Protein chains: 2
Amino acid sequence: MPKEARPSTGEQARQHALAQLRQAILRGEMAPAQRLVENELAEQFGVTRASVRAALIELESEGLVERIRNRGSRVRVVTVEEAVAITECRMVLEGLCAGKAAREASDEQLDQLLALGEAMSKAVADGEPVTYSDLNHELHARIREFSGQQVAVELLERLNAQLVRHRFQLALRPGRPQKSLSEHLAMIEAIRARDPRAAEEAVRSHLAGVIDALRE
Amino acid sequence: MPKEARPSTGEQARQHALAQLRQAILRGEMAPAQRLVENELAEQFGVTRASVRAALIELESEGLVERIRNRGSRVRVVTVEEAVAITECRMVLEGLCAGKAAREASDEQLDQLLALGEAMSKAVADGEPVTYSDLNHELHARIREFSGQQVAVELLERLNAQLVRHRFQLALRPGRPQKSLSEHLAMIEAIRARDPRAAEEAVRSHLAGVIDALRE
DNA sequence: CCGGACAGAATTGTCAACAATTTTGTTCAA
DNA sequence: TTGAACAAAATTGTTGACAATTCTGTCCGG
């Protein structure tokens, strides 16, 4: 059992509890469908139940936690169908972002994408799937960021948070990095060419591929 | 000042407060940027502050309310730029839904769309912009529903809720219904033709038109 | 006349106790 | 043995009071 967290003076209790719990779920420290008892969490994080409650309500509307009236909270499990539906939404939203990024990114930012692409190629060549997965994640984050589309960014971050468990499963599949790499390079190429239409199309076909892989 | 709501026995207090508050905001009974004091709301709705607090936290993550630490809550005001960004997201998400609806809707559902289109034409011919606006809203809702894409539906409902104030402004603009009507009819046509690509394109160009109108 | 320090008011954040609900385990009769 | 009724335990929902923070208006020195 993890040691009780420090009182964390400046930080308000609710935000503390919220951050701790979200991290714990995202890091996969909570088993899927595990029950989240307010009392236990309160003791574990060193805050009162009211703060835990507030945090749980917030996590519920982020889609990370499931709450049933008078029955308590659990870590939400995302079925494969849901993961597919989520990825379909990612597909169009990231497509939007890629198109805007192709129009509005600075030359400096385009160089960052190029560097990321090279790092990803190297990771695949060296057979390091974990490094590749991290870079993958970062590439998508950068494209979102460069689009300047704040609303889409927030929606996508929420959606991505719900997929943590499926991401692992996908990254370690043999042969997957190779296929994924060329799609990613095409995305980078289209954005660097400042071709919004091609950029959107590249992102969409990449995520269509992810959907196929999710379905096995 | 509105009379205190009934205790609403079965319903739990938090859900009661949440529903009341959300309705009040969506109906425009709360002035934009109006301060929401927890005590006042608690008394007004006949629940305790804790329930109001919980409701406010939830409404914050729905984007209807803005909360600042130790400073309280206000009704969130959506700037024109934000409304544009939101509508861009609607554009791609509703495009996704239209494509899926074109594939998966039943013949019966397609007939509903046709009937809606006729009603909309009539409303424009009769010069009834309010009726037209309602039908407009219903058409979009039906398309979402027929797609069977639950994740997209939830995202879109959240986004739409944030636009209430801008919707009014747009619907009453002279000449707007005429332009909007033909775009809507094209959407219906494409879905009824079971042409996903055309359906997506029709929805996107319609909402691109809405974006132009928003920018004036 | 102006600006900063300070006290008071208003408001949000936190807490511990209590009430209501659901689940679980036990008993007893058929 | 099975099933329903019931009691006990666990857990969530609610309440009112208290603490911490921020805002507001006043006072005093310059």
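Treat the numbers as computed from the prediction; the structure is a model and nothing was measured. Each chain gets a letter, A, B and so on, in the order the sequences are listed, and its residues count up from 1.
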Any N/O pairs under 3.5 Å between the protein and nucleotides 8-10 of chain C? List them or say none.
none

If you assign Arg67(B) and Arg71(A) each to the DNA chain C nucleotide with the nearest heavy atom, which residue ends up on the more 5' nucleotide?
Arg67(B)
Checking Arg27(A) now: which residues fulfil salt bridge (charged side-chain N to carboxylate O under 4.0 Å, His left out) with it, not counting sequence neighbours?
Glu29(A)
How far apart are the C-alpha atoms of Lys100(B) and Glu88(A), what are their side-chain angles, what is the distance that settles it, and do they pass the salt bridge (Lys or Arg N to Asp or Glu O under 4.0 Å) test?
CA-CA 11 Å; Lys100(B) 298 203 76 147; Glu88(A) 284 179 347; 2.9 Å; yes
Who pairs with Val77(B) by side chain to side chain contact (heavy atoms under 4.5 Å, CB included), at least two apart in sequence or on another chain?
Pro32(B), Ala33(B)
Partners passing ring-ring contact (aromatic ring centres under 6.0 Å, His included) against His166(B) (at least two apart in sequence or in another chain)
none
Counterpart residues, side chain to side chain contact (heavy atoms under 4.5 Å, CB included), relative to Asp212(B) (two or more places apart)
none
Who are the salt bridge (charged side-chain N to carboxylate O under 4.0 Å, His left out) partners of Glu154(B), not counting sequence neighbours?
none
His16(B) atom NE2 is separated from dA20(C) atom P, nearest whole Å, by 18 Å
Separation of dT14(C) P from Asn70(B) CG (nearest whole Å)
8 Å
Considering only heavy side-chain atoms of Arg53(A), the closest of dT14(D), dT23(C), dT11(D) is dT14(D)
Give the minimum heavy-atom separation between Arg74(B) and Leu36(B), together with the two atoms involved.
C-CD1, 4.0 Å
I need the CD-P distance between Glu38(B) and dT15(D), as an integer number of Å.
15 Å
Let me know the distance between CD1 of Ile57(A) and P of dT14(D), rounded to the nearest Å.
10 Å
Whole Å only: how far is the CG atom of Leu56(A) from the C1' atom of dT12(D)?
11 Å
Interatomic distance where CZ belongs to Arg14(B) and C1' belongs to dT15(D) [whole Å]
17 Å
Could you tell me which residues satisfy salt bridge (charged side-chain N to carboxylate O under 4.0 Å, His left out) with Arg71(B), sequence neighbours excluded, listed by chain and number?
none
Taking salt bridge (charged side-chain N to carboxylate O under 4.0 Å, His left out) as the definition, give me every residue that meets it alongside Arg90(A), ordered by chain and number, with sequence neighbours left out.
Glu94(A)
Round to the nearest Å and state the distance from Glu66(B) atom CD to dT12(C) atom P.
14 Å
For Ala141(B), check side chain to side chain contact (heavy atoms under 4.5 Å, CB included) against everything at least two apart and list the hits.
Arg144(B)
Angle separating the five-pair end axes of the helix from dC1(C)-dG30(D) to dA30(C)-dT1(D), nearest 10°, is 10°
Between dT14(C) (P) and Phe45(A) (CZ): distance, integer Å:
15 Å
Just to verify, what does Glu62(B) make a side chain to side chain contact (heavy atoms under 4.5 Å, CB included) with, not counting sequence neighbours?
Arg22(B), Glu58(B), Leu59(B), Leu64(B), Arg158(B)
For Leu36(B), which contact category applies under a 4.0 Å heavy-atom criterion: base, sugar-phosphate, or nothing?
sugar-phosphate
Tabulate atom names and distances for all N/O pairs under 3.5 angstrom spanning the protein and nucleotides 15-19 of chain C.
residue, atom, partner, partner atom, Å
dC15(C), OP2, Thr48(A), N, 3.4
dC15(C), OP2, Thr48(A), OG1, 2.6

